[in-house]
Amino acid sequence: MPIQLYNNLHRRLETFEPADPERVTLYVCGPTVYNYVHIGNARPPVVFGVLARLLRRRYGNLRYARNITDVDDKINAAAIEQGVPISVITERFSRAYAEDMAALGVEPPDLVPHATAHIGEILRMCERLIQSGHAYVAEQHVLFAVDSFPDYGKLSRRSTDEMLAGARVEVAPYKRSPGDFVLWKPSTPELPGWDSPWGRGRPGWHIECSAMCEAHLGDTIDIHAGGVDLQFPHHENEIAQSTCAHGGKVFARFWLHNGMLNMDGRKMSKSLGNVFRVHDLIDKYPPEALRYALLSAHYRQPLDWSEQLIEQSIRTLDRLYGTLRELDDISVSQSERTVPAAFEAALNDDLNTPQALAALAQIAGSARQAQSAVERHAGKAALLGAGELIGLLQQDPEVWFCRGLANASVDAEAIEKLLEERRLAKLRRDFGRADMLRQQLKDQGVEIEDGANGTRWKLAGAGNVNQH
RNA sequence: GGCCGGGUGGCAGAGUGGUCAUGCAGCGGCCUGCAAAGCCGCGUACGUCGGUUCGAUUCCGGUCCCGGCCUCCA
């Protein structure tokens with residue numbers, strides 16, 4: 001079954017065929033590391049990370065790059081404010097980003113190129129663009145001439161005239177055309193900078209992605225992905241630079257854009273200040289529930305973020321892990337894991353994660369009802385295999401149900417002691433005493449279940465159990 | 001203003017020209033000392049107005065509302 005992807009370049013669903021099946025290339029725009037990222041920033045790495053797993057499963061040899069932007073005016077501002085070199089800021093927050101993404105079950109990409117490690121490539125690309133007449137030098141800036149690229153605006157479907165009509169920003173006087181954008185700009189002595197033929201300076205925002213794609217993935221890549229808010233100008237400009245730097249070769253064959261996360265109906269964005277930082281959320285809620293929540297809507301749709309969404313996700317995972325716990329006695333090796341056709345078909349259909357999660361619920365349902373050892377084994381194999389592909393259900397169920405125990409106010413020994421006391425009370429049919437003990441545990445946030453093989457317990461409620 | 005996307009049951013959220021999404025919550029039942037979990041069952045959802053059609057939530061047009069981008073943005 002082919003993988004169908006909605007190619008935003010053509011605004012239609014297309015069958016994905018890599019240019020070279022031996023070497024599939026994927027580039028996702030990564031963060032600017034000047035602060036902790038918010039949960040909206042986590043959507044691309046999570047959803048396109050699932051795409052990476054899907055591609056890797058099918059083609060084996062995937063080269064997946066997700067950059068780190070470590071030179072930028074916001075980083076400069078943060079460094080000046082805190083009185084430290086920019087490297088202190090960028091190292092701190094690129095590490096935090098890696099940790100936050102790992103917590104959300106995002107596998108590291110194959111390549112994590114940093115902009116500052118590619119200044120040479122950036123300068124060479126600038127020179128090539130100048131030589132070929134697609135860029136010019138003005139007041140120590142290197143600017144891309146949008147008029148030199150007839151396809152400019154093709155991705156975002158807008159003409160340069162339209163952009164002019166709606167322009168919100170004053171046009172710098174040295175631009176030949178208002179749509180021209182900066183490839184290289186001068187730095188003052190206190191700002192980070194590198195020597196260049198046009199004086200000491202630093203790269204513009206868009207050129208780094210073009211330079212890093214070229215350096216690591218080649219002139220033409222299979223898939224380029226990122227947030228829909230990057231479609232213009234960032235991705236439009238990348239296309240212009242790369243295409244012109246490569247003599248007209250196609251830059252990216254597929255363009256995928258994820259929708260925005262909303263807070264109270266408005267886009268979650270740092271400039272609006274309505275953000276939840278991943279760093280804080282993973283302290284407060286089980287990270288896997290955050291991942292589930294991010295995958296619960298189709299990636300192209302907007303997703304309303306709310307506490308209720310997280311709690312709903314926790315309860316859904318409770319049920320799925322409950323099924324796995326019922327299958328505790330079954331052992332499934334890595335090679336025995338399976339990916340049911342309906343589940344994979346959903347992901348192949350433009351990464352339809354809600355449908356895939358619906359299929360996962362069905363898989364769990366039949367696994368729960370399986371009677372024979374063979375069926376139960378197949379159920380668990382499917383649950384783990386499908387879960388692995390989408391990055392869920394890979395924990396030990398007991399770990400899931402005891403979420404946050406290490407930080408919570410309860411301790412396991414005390415719980416076990418009360419449970420033993422309750423067991424004895426039940427043996428002598430002192431149910432009043434037994435119910436009292438259950439209530440006592442419940443007051444501590446511990447819920448218990450009596451089963452054939454004794455009593456088990458879990459931490460109840462949503463995420464706040466993990467709060468310190 | 002220009003370009004683009006969206007309005008589905010209490011909530012989240014897929015999908016389809018004519019029996020079922022799915023999950024969460026709720027209700028009833030089974031099970032249970034009681035619970036919980038699990039199982040079974042239940043609720044006549046597709047913004048609005050027209051059109052096409054034997055039949056439209058699904059196609060077409062109008063309209064209302066919401067959101068995104070228009071050089072900070074995932």
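Not measured: the values here are computed from a predicted model.
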Between [M] and [N], how far apart are the [atom1] atoms? Round to whole Å, please.
{"N": "B/rG62", "M": "B/rG2", "atom1": "P", "answer": "14 Å"}
{"N": "B/rC46", "M": "B/rG10", "atom1": "P", "answer": "10 Å"}
{"N": "B/rC40", "M": "B/rU22", "atom1": "P", "answer": "12 Å"}

Determine the contact category for [X]: base if any of its heavy atoms lies under 4.0 Å from a base atom, sugar-phosphate if only primed atoms, P, OP1 or OP2 are that close, otherwise nothing.
{"X": "A/Gln301", "answer": "sugar-phosphate"}
{"X": "A/Arg266", "answer": "sugar-phosphate"}
{"X": "A/Leu272", "answer": "nothing"}
{"X": "A/Arg422", "answer": "base"}
{"X": "A/Gly226", "answer": "sugar-phosphate"}
{"X": "A/Asn352", "answer": "sugar-phosphate"}
{"X": "A/Arg319", "answer": "sugar-phosphate"}
{"X": "A/Gly259", "answer": "base"}
{"X": "A/His298", "answer": "sugar-phosphate"}
{"X": "A/Gln308", "answer": "sugar-phosphate"}
{"X": "A/Leu360", "answer": "nothing"}

When the distance from [atom1] of [X] to [atom2] of [N] is rounded to whole Å, what number comes out?
{"X": "A/Tyr292", "N": "B/rA14", "atom1": "OH", "atom2": "C1'", "value": "12 Å"}
{"X": "A/Gln312", "N": "B/rG26", "atom1": "CD", "atom2": "P", "value": "12 Å"}
{"X": "A/Asn8", "N": "B/rG68", "atom1": "CG", "atom2": "P", "value": "17 Å"}
{"X": "A/Glu236", "N": "B/rC70", "atom1": "CD", "atom2": "P", "value": "13 Å"}
{"X": "A/Arg158", "N": "B/rG5", "atom1": "CZ", "atom2": "C1'", "value": "13 Å"}
{"X": "A/Asn262", "N": "B/rC73", "atom1": "CG", "atom2": "C1'", "value": "14 Å"}

With a 3.5 Å cut-off and heavy atoms only, can you find an N or O donor on one side and an acceptor on the other between the side chain of A/Lys267 and the base of B/rC73?
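In this structure, the two groups form a donor-acceptor pair.
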Taking N and O atoms by type only, does the side chain of A/Asn41 place a donor or acceptor under 3.5 Å from a partner on the base of B/rC73?
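Between B/rC73 and A/Asn41, which were checked side chain against base, a qualifying N/O pair under 3.5 Å is absent.
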Closest non-hydrogen atom pair, A/Arg300 against A/His257:
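Taking A/Arg300 first and A/His257 second, the nearest heavy atoms are CG-O, 3.6 Å.
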Do the ring planes of [X] and [Y] sit parallel (below 30°), tilted (30 to 60°) or perpendicular (above 60°)?
{"X": "A/Trp205", "Y": "A/His234", "result": "parallel"}
{"X": "A/Tyr321", "Y": "A/Trp400", "result": "parallel"}
{"X": "A/Phe144", "Y": "A/Phe149", "result": "perpendicular"}

Closest listed nucleotide, where the reference is the side chain of A/Asp229 and the choices are B/rC70, B/rA74, B/rC34
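The closest nucleotide is B/rA74.
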Of the listed nucleotides (B/rG23, B/rA74, B/rA14), which one gets closest to any side-chain atom of A/Ala361?
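The closest nucleotide is B/rG23.
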As a check on the pairing definition, encode RNA chain B in dot-bracket form, counting Watson-Crick and G-U wobble pairs whose two distances are under 3.5 Å, and using | for partners outside this strand.
(((((((..(((.....[...))).(((((.......)))))....(((((..]....))))))))))))....
